[in-house]
2 protein chains.
Amino acid sequence: MKISELSRSSGVSLPTVKYYLREGLLPPGRALGRNQAEYGESHLRRLRLIRALIDVGNLSVAGVRQVLQAVDDAELPGHHLLGTAHEAIAGSSRAERGTPGWQAARAEAARIVADRGWRVHEHAPALDQLADAIAALRELGQEDMLAMVDGYAEATERLARQEVGLVLARGDRAAMVEGLVTGTVLGEAMLTALRRLAQEHTSAGLTGPA
Amino acid sequence: MKISELSRSSGVSLPTVKYYLREGLLPPGRALGRNQAEYGESHLRRLRLIRALIDVGNLSVAGVRQVLQAVDDAELPGHHLLGTAHEAIAGSSRAERGTPGWQAARAEAARIVADRGWRVHEHAPALDQLADAIAALRELGQEDMLAMVDGYAEATERLARQEVGLVLARGDRAAMVEGLVTGTVLGEAMLTALRRLAQEHTSAGLTGPA
DNA sequence: GATAGTGGATAGGAATGCTATCCGATGGTG
DNA sequence: CACCATCGGATAGCATTCCTATCCACTATC
């Protein structure tokens with residue numbers, strides 16, 4: 001198919017498709033001439049993945065590129081792909097790191113993980129994010145909220161087992177890789193949406209009107 | 001304290017403090033003269049909250065303003081405050097809504113919530129976000145990931161009970177309001193960070209090296 | 001009474017994510 | 001085989017967001 005059809009059937013405007021091509025999110029089509037190229041189903045599929053990551057996953061264009069490069073790297077072990085996805089999701093935190101308070105929070109994050117017996121990369125971006133949140137709670141004098149950490153950890157551990165199991169249940173590597181990325185990013189979107197709904201339901205039941 | 005001291009002790013640059021004042025995130029200080037004003041502990045506290053919402057919670061300045069207005073509205077019932085916080089977090093989704101596929105996903109989201117017996121506002125932004133994720137998964141041919149929804153819902157329901165309980169355990173309204181906001185926003189940050197760590201641990205155990 | 005700092009206003013700037021326009025080449029259409 | 005839409009490729013512009021810089025007249029303080 002030509003670029004205009006790719007644009008039409010994906011719902012992404014033509015200038016935007018060109019932009020994604022420029023940015024290397026979308027691989028170039030098969031060149032038919034100096035100014036003609038053909039795009040296939042894989043391009044359409046890729047375009048949909050890009051939109052899902054940007055629209056639903058709130059990834060930046062740079063983050064998407066990072067993820068897709070990892071997806072396309074056939075050599076990369078699945079485990080590293082997950083790390084790449086996490087880095088891309090994480091984006092660049094604006095939080096102040098390096099202050100004594102943050103360092104303490106960071107150590108606390110490492111201890112929480114170690115106490116659970118979780119083996120994670122010591123430079124995992126999620127450790128820093130956890131430290132960001134802990135440091136912020138302490139700074140705001142909301143340390144009682146830290147009591148939730150255990151509950152969060154237990155819940156996420158159980159969920160991670162299901163998620164990883166689901167991805168591994170797929171046969172081939174390509175499907176697993178896509179499942180890993182979508183599961184990580186879109187799963188997070190589902191989880192946070194459901195959390196908000198559960199909060200609303202619970203708080204309505206306890207504090208709101210009938 | 002004067003504005004420069006407020007800037008110094010909060011770690012927020014002076015032009016940025018002025019910017020937050022302009023934007024109405026930070027209430028003006030008590031005017032001492034034509035060009036002097038005094039700021040108190042409450043300003044420092046508010047400034048820290050602003051930074052936490054922006055840095056850790058990834059809220060936009062507009063979202064922070066929305067949340068803070070609700071926080072300051074002493075009349076607003078707690079339940080509505082939660083809704084405001086959710087709206088501010090949600091931001092403006094770029095996802096395509098209104099397509100038949102999305103409408104179906106939206107109906108599915110409503111059914112999931114109804115099946116659980118959750119009573120939520122029918123226009124809750126989180127319902128749309130859930131629909132965004134469901135629609136994206138379907139469009140990408142990853143419907144097997146939808147099997148996770150039950151697990152997510154159950155986990156978030158249990159967590160929400162703990163969270164709401166924790167906030168209600170506080171005595172006065174002001175503390176509850178702040179706890180609600182920080183619990184919603186920073187709790188989400190903690191939950192997602194822990195989810196990533198749990199995923200990394202689990203996937204390492206199953207697919208990675210010892 | 002110099003000087004540093006103040007509130008207030010306005011302008012500038014970097015990053016992000018597109019969108020618009022121009023170009024010359026080409027492909028299908030009649 | 002002429003024509004006009006469309007193509008790829010490139011460059012420029014634009015809207016938004018979140019600050020940052022500069023200027024100003026004034027004032028508290030040393």
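In what follows, every chain begins at residue 1, and chains take the letters A, B, ... in the order their sequences are listed. All values below were derived from every heavy atom in this structure, side-chain atoms included, with hydrogens, water molecules and symmetry-related copies excluded.
Of the candidate nucleotides dA21(D), dT26(C), dA25(D), dA21(D) has the atom lying nearest to any side-chain atom of Pro15(B). Proximity note for Lys2(B) (side chain, C-beta onward) versus dT6(C), dC7(D), dT20(D): the nearest is dT6(C). Out of dT26(C), dG17(C), dG7(C), the shortest distance to the side chain of Arg94(B) is found at dG17(C). Residue Asn35(A) has its side chain nearest to dC7(D) when only dT27(D), dT20(D), dC7(D) are considered. Closest to the Thr16(B) side chain, of the nucleotides dT6(C), dT20(D), dG8(D), is dT20(D). Closest to the side chain of Ser4(A), from the set dT6(D), dA28(D), dC18(C), is dT6(D).
For the pair Gln36(A) and Ile3(B), both in contact range of DNA chain C, the more 5′-proximal nearest nucleotide belongs to Ile3(B). Annotation: of the two residues near DNA chain D, Tyr20(B) and Gly33(A), the 5′-most nearest-nucleotide partner is Gly33(A).
dG9(D) atom C1' lies 16 Å from atom CG of Leu32(A), rounded to whole Å. Going from atom CG of Leu14(A) over to atom P of dG17(C) covers 20 Å, rounded to whole Å. Note: CG (Leu21(A)) to C1' (dG8(D)) measures 10 Å, nearest angstrom. Atom pair Ile50(A):CD1 and dC18(C):P shows a separation of 11 Å (rounding to whole Å applied). Summarising the geometry, the separation between CG on Leu26(B) and P on dG7(C) is reported as 11 Å, rounded to the nearest angstrom. Rounded to whole angstrom, the span from the CG atom of Leu6(B) across to the C1' atom of dG5(C) amounts to 15 Å. One can place CD of Glu38(A) at 18 Å from P of dT6(D), the figure rounded to the nearest angstrom. Summarising the geometry, the separation between CZ on Arg8(B) and C1' on dA4(C) is reported as 12 Å, rounded to the nearest angstrom.
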Mind listing the N/O atom pairs, protein and nucleotides 8-10 of chain C, below 3.5 Å?
residue	atom	partner	partner atom	Å
dG8(C)	N7	Lys18(B)	NZ	3.4
dG8(C)	O6	Lys18(B)	NZ	3.2

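Taken to the nearest 0.5 Å, the CZ atom of Arg51(B) stands 8.5 Å off from the OG atom of Ser10(B).
Taking the ring-ring contact (aromatic ring centres under 6.0 Å, His included) definition, one finds that His43(A) meets it with Tyr39(A), sequence neighbours left out. With sequence neighbours left out, the ring-ring contact (aromatic ring centres under 6.0 Å, His included) criterion links His121(A) to His123(A).
Salt bridge status for Lys2(A) with Glu38(A): absent, with no side-chain N to carboxylate O gap under 4.0 Å. Using a cut-off of 4.0 Å between Lys/Arg side-chain N and Asp/Glu carboxylate O, Arg45(A) and Glu41(A) are scored as not salt-bridged.
Within residues 57-67 of chain B, the residues that place at least one heavy atom under 4.0 Å from DNA chain D are, in residue-number order, Ser60(B), Val61(B).
In this structure, Arg30(B) contributes its side chain and Ala37(B) its backbone to no donor-acceptor pair below 3.5 Å. At distances below 3.5 Å, at least one donor-acceptor pair connects side-chain atoms of His201(A) with backbone N or O atoms of Arg119(B). At distances below 3.5 Å, at least one donor-acceptor pair connects side-chain atoms of Ser7(B) with backbone N or O atoms of Val12(B).
Legend: side chain to side chain donor-acceptor pair (under 3.5 Å) pairs involving residues 131-143 of chain B, not counting sequence neighbours, sorted by first then second residue: Arg170(A)-Gln142(B), Glu178(A)-Gln142(B), Thr182(A)-Gln142(B), Ser93(B)-Asp132(B), Arg97(B)-Asp132(B), Trp102(B)-Asp132(B), Glu108(B)-Arg138(B), Arg138(B)-Glu143(B). Note on residues 183-194 of chain A: pairs passing side chain to side chain donor-acceptor pair (under 3.5 Å), not counting sequence neighbours, are Glu188(A)-Arg196(B).
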